[in-house]
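Whatever order the structure lists ligands and atoms in, that order sets their numbers, starting from 1. Given the structure is predicted, the values throughout are model-derived calculations rather than measurements.
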Amino acid sequence: MNLLDLNYEQLKEVVVKKGLPAYRADQIMDMLLCYKDWSEVSNLPKNTSSLFSDYCILPLEIINEFKGGNGVVKFLYKLQDNHLIEGVYLPNNYGNTICVSTQVGCKMRCAFCASGKDGFMRNLTSGEILAQVLLVNKIMGGTSKNRAISNVVLMGSGEPLDNYDHVVSFLKNISAKRGLNLSLRNITISTCGLVKQINKLAKEGLNVTLTISLHSTDDEKRKKLMPIASANKIIDIIAAADNYYKSTGRRVSYEYALTEENSDNSSVEKLIELLNDKNAHVNLIRLNEIEGQEVRGVSERRSIEILDRLNNFGISATLRRSLGSEVEGACGQLKNHFAKK
Ligand code: SF4
C-alpha cells in the first residue's frame with residue numbers, strides 16, 4: 001500500500017487509526033508532497049515510521065537521466081516492483097512542465113509510438129503518477145507550497161483513459177487544496193480517442209485540457225496507425241470531444257502527426273470539413289524519428305503549407321516543435337526499456 005494513493009481525508013483516517021492525533025496528517029501530507037522520507041523530517045515523533053511500516057511512501061526512484069538542450073531532462077524511474085517508466089521535464093518561460101507516464105507499457109500499439117512496442121505490463125496507481133511530479137518538483141528545487149512545476153501532461157507511456165480510475169484519483173489528489181493545489185487547467189490528458197471514457201470524463205467536473213491523437217481523417221487509414229480506431233470511429237471521437245467542450249468549457253486539441261499517408265490535399269480538406277464548425281485546435285506534429293519506426297514523416301515545407309491551409313480557413317492550428325526529441329523524450333518516444341539502450 002502506498003500512502004500517496006490516499007487523499008487528505010483518507011490519510012487522516014489512517015493517521016487516527018494508528019493512534020496519532022489528526023493534526024499529524026497535515027505534517028505527513030506535507031512530507032509526502034515534498035517527496036521526503038521519514039528520516040528527512042524532524043517534526044514527527046521518532047516512532048512514526050514504524051507505525052506506518054505497512055505503507056510505502058516513496059513509490060519510485062530515479063535511476064538514470066539524460067539531459068538535452070533547452071534544459072530538457074528525461075528521467076528513468078524504477079518502481080517498487082522493479083518495472084521501469086520514463087518521464088520528461090520541459091522548462092519553459094511560461095512555466096515548467098512534466099510529462100508523466102500512466103501505465104507500464106501500453107495496450108494501444110500505435111504504429112508511431114515506442115511505448116506500446118513491448119506490450120502492456122500494468123496500470124500505475126494514482127500515487128505512482130503523482131510521485132513522478134513530486135520527485136521532479138523536489139529535484140528542481142520546488143516544495144509543496146512553492147512549486148517548481150506548473151504544468152503536467154499525461155503524455156508519457158500508457159493511455160491515460162485506459163487507466164481511468166487511477167487517473168481520475170490522481171487529478172483529484174494533485175488539484176486538491178490539501179494536495180499540491182495545482183490548477184486542473186494546467187493539466188493535459190492526451191488520449192488516443194476512447195469515446196466512452198471521454199464522455200465519462202466530461203461528467204466528472206474536472207476541467208482538464210484534453211488532447212486527442214487523431215492522426216488521420218479516414219477510419220481505415222487510422223486503423224493502420226492506431227489499432228484502437230477499429231472500436232472508435234472518427235465521427236464519434238469528434239462528437240465526444242464536442243460533448244467534452246460543451247460540458248467543461250475546455251477547447252479540445254487534436255494531435256495530428258504529419259505522415260506521408262495523412263498529409264495529402266484530400267486528407268487536409270477532410271480535416272477542415274470535420275472541424276469546420278467545432279471549437280477546436282489542431283496541433284500539427286513533425287514526426288519524431290524512432291528506431292524501427294515504419295511510418296515516414298513529411299518535409300518542413302509541406303508541414304508549413306498544411307498549417308497555413310488550416311489557419312487560412314479559420315481553424316486554429318500550430319506546428320509543434322519537437323521539444324525533447326534529442327533525448328527521445330518527445331511524444332510517442334517514451335518507453336520502458338531505456339536502460340537497455
Ligand atoms: S501513442 Fe499513447 S496510446 Fe498509442 S501506443 Fe503510445 S502511449 Fe499508447
Quiz prompt | Axial cation check for Y164 ring with K200, 6.0 Å and 45° limits | solution = yes
Exercise. Examine the proximity of ligand 1 to C106 and report which part, side chain or backbone, both or neither, has a heavy atom under 4.0 Å away.
Key: side chain
Quiz item: Side chain, backbone, both or neither: which part of R109 comes within less than 4.0 Å of ligand 1 when only heavy atoms are counted?
Solution: backbone
Practice problem: Begin from the C-alpha positions of E273 and K270 and carry the test salt bridge (Lys or Arg N to Asp or Glu O under 4.0 Å) through to its verdict. | Solution: CA-CA 5 Å; E273 190 188 315; K270 184 76 192 297; 5.7 Å; no
Self-check item: Lys/Arg N to Asp/Glu carboxylate O, R178 vs D26, below 4.0 Å
Solution: yes
Quiz item: Who's closest to atom 2 (Fe) of ligand 1 heavy-atom-wise, of C192, S213, G158, A111?
Solution: G158
Quiz item: Less than 4.5 Å apart, any side-chain heavy atom of T217 and any of N262?
Solution: no
